[in-house]
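Everything on this sheet refers to the single structure shown next.
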Amino acid sequence: MYNGANMLNRNEIKDMIENDIKSTFGTSVDILVNNCGMQHVSPIESFDEDIFEKVIQLNLTSNFYTTKYVLNDMREKEYGRIINIASTHGKVASVNKSAYVASKHGVVGLTKTIALETAKDTNITCNAICPGFVLTPLVAVQIDVIADNKNITFEEAGKDLLREKVPSENFVTVEQLGGLCSFLCSDNAEQLTGQDIAVDGGWTSV
């Protein structure tokens with residue numbers, strides 16, 4: 001099911017969760033994966049103020065609202081998995097990414113708070129996954145800029161981007177992240193909560 005709710009609007013988020021999902025599936029949310037986000041690159045002194053607030057609202061604040069609106073039902077069912085897709089930038093910073101870095105650090109902090117507040121609940125966990133570079137349209141834009149600036153191919157520019165940060169020099173795959181999500185939803189992960197799990201080819205190991 002696709003729902004076109006505006007994740008910048010808390011009323012639309014609430015309506016999606018409390019009305020649309022329940023009316024379509026006849027049940028509440030058991031597993032919540034917060035995975036929407038945006039990026040903007042600029043030095044702080046020239047960073048567009050409206051865009052800064054939009055990045056924070058989409059990347060961080062929407063996670064708060066989705067969690068708020070599913071948690072009571074999870075407690076009633078005595079089961080829930082909340083997975084926040086943060087970023088390596090929830091652990092470390094990069095220049096010219098103040099809004100993104102701030103929002104993803106916030107996601108990690110929110111994750112830990114939710115985990116503490118649900119720690120005594122039966123079978124409810126909250127964790128954050130912190131991927132390094134995944135070859136998404138968002139990252140492809142950065143690669144295109146490198147390729148244009150250096151007059152090299154997209155593939156060569158991708159390697160340049162990885163070489164700067166990632167010891168393995170490989171992109172994280174969507175399948176790898178999906179596999180980790182599946183594990184976090186399993187019974188084997190019942191006592192794994194409040195963690196910010198790096199999947200980044202060694203980026204945050206140095």
Side-chain angles (χ1 to χ4, degrees), residues 1-8 33-63 66 83-111 127-185 195-206:
M1 166 190 154
Y2 168 77
N3 186 291
N6 180 0
M7 300 304 288
L8 297 171
V33 180
N34 287 308
N35 190 38
C36 66
M38 64 177 292
Q39 169 72 283
H40 184 72
V41 178
S42 172
I44 288 176
E45 64 271 20
S46 58
F47 208 107
D48 184 279
E49 294 165 4
D50 290 335
I51 294 177
F52 184 93
E53 292 182 6
K54 187 175 182 180
V55 172
I56 298 295
Q57 192 172 0
L58 184 64
N59 293 6
L60 173 59
T61 308
S62 67
N63 292 10
T66 53
I83 302 171
N84 297 320
I85 307 301
S87 167
T88 299
H89 283 113
K91 291 174 167 285
V92 297
S94 292
V95 296
N96 298 333
K97 296 183 179 181
S98 56
Y100 190 80
V101 170
S103 69
K104 294 302 184 178
H105 272 69
V107 168
V108 170
L110 178 65
T111 298
N127 292 286
I129 297 176
C130 299
F133 285 119
V134 185
L135 193 52
T136 62
L138 192 103
V139 173
V141 171
Q142 297 181 58
I143 296 173
D144 283 334
V145 170
I146 294 171
D148 289 343
N149 289 342
K150 295 188 174 182
N151 194 26
I152 56 179
T153 67
F154 182 89
E155 290 72 21
E156 291 170 330
K159 279 295 183 183
D160 273 9
L161 179 68
L162 292 169
R163 201 173 292 119
E164 180 184 349
K165 302 276 191 181
V166 181
S168 72
E169 297 186 13
N170 285 300
F171 288 103
V172 179
T173 69
V174 172
E175 291 76 14
Q176 290 163 350
L177 298 176
L180 180 53
C181 283
S182 294
F183 171 73
L184 291 174
C185 294
Q195 302 306 302
D196 47 311
I197 305 167
V199 187
D200 60 9
W203 181 342
T204 54
S205 297
V206 295

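FYI, side chains are in, hydrogens and waters are out, and symmetry mates aren't considered; it's all heavy atoms of this structure.
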Measure the shortest side-chain to side-chain distance between Leu180 and Ile197 over non-hydrogen atoms and say whether it is less than 4.5 angstrom. yes

So, does Gln176 use its side chain to make a donor-acceptor pair with the main chain of Thr173 at under 3.5 Å? yes

If every non-hydrogen atom of Gly132 is compared with every non-hydrogen atom of Val172, which pair is closest and at what distance? N-CG2, 4.0 Å

So do Leu184 and Ile129 actually touch side chain to side chain, heavy atoms under 4.5 Å? yes

Looking at Leu8, is its backbone amide N or carbonyl O close enough to the side chain of Asn6 to form a donor-acceptor pair, meaning the two atoms are under 3.5 Å apart? yes

For the side chain of Asn84 and the backbone of Ala128, is there at least one donor-acceptor N/O pair under 3.5 Å apart? no

Answer whether the closest heavy-atom distance between the side chains of Thr153 and Glu156 falls below 4.5 Å. yes

For Val108 and Gly90 the tightest heavy-atom approach is CG2-O, 3.8 Å

Check: Asn170 and Lys159 side chains under 4.5 Å, non-hydrogen atoms: yes

Greater than 12 external heavy atoms within 6.0 Å of Asn149's CG: yes

Measure from the side-chain N and O atoms of Asp144 to the backbone N and O of Gln142, and report whether any donor-acceptor pair falls under 3.5 Å. no

Verify whether one side chain among Ser42 and Asn96 offers a donor that lies under 3.5 Å from an acceptor in the other. no

Would you call Ile85 and Pro131 a side-chain contact if the rule is heavy atoms closer than 4.5 Å? yes

Gap separating the SG atom of Cys130 from the NE2 atom of His105, nearest 0.5 angstrom: 9.5 Å

Identified side-chain contact (heavy atoms from CB on, under 4.5 Å) partner of Met7 from the options Thr61, Asn59, Leu58: Leu58

Any side-chain to backbone donor/acceptor pair from Asp200 onto Thr204? Under 3.5 Å, distance only. yes

If the condition is side-chain contact (heavy atoms from CB on, under 4.5 Å), which residues does Lys165 pass it with, not counting sequence neighbours? Ser94, Phe133, Trp203

For side-chain contact (heavy atoms from CB on, under 4.5 Å), just list the numbers for Leu162 and Ser168, CA-CA rounded to whole Å, side-chain angles, deciding distance to a tenth of an Å, and then say yes or no. CA-CA 8 Å; Leu162 292 169; Ser168 72; over 6 Å; no

Distance col, row Arg163:CZ vs Glu169:CD, nearest 0.5 angstrom, shows 5.0 Å

4.5 Å side-chain heavy-atom contact, Ser62 and Cys36: yes

Looking only at the aromatic ring of each residue, does the gap between the centers of His40 and Tyr100 stay below 6.0 angstrom? no

Can any side-chain N or O of Glu164 pair as donor or acceptor with the backbone N or O of Leu161 at less than 3.5 Å? no

Would you say that Val134 contacts Phe171 through its side chain, given a criterion of any heavy-atom pair below 4.5 Å between the two side chains? no

One should read off an interatomic distance between Leu138 CG and Ile143 CD1, to the nearest 0.5 angstrom, of 10.5 Å

Does Lys91 use its side chain to pair, donor to acceptor, with the backbone of Asp196 at less than 3.5 Å? yes

Quick one: CG on Asn35 to SG on Cys181, what's the gap to the nearest 0.5 Å? 8.0 Å

Does the Ser103 side chain pair with the main chain of Ile56, one donor and one acceptor, at a distance under 3.5 Å? no

Atom CD1 in Ile44, atom NZ in Lys97: separation rounded to 0.5 Å? 14.0 Å

First locate atom OG of Ser98, then atom CZ of Phe52, and finally report the distance between them rounded to the nearest 0.5 Å. 5.0 Å

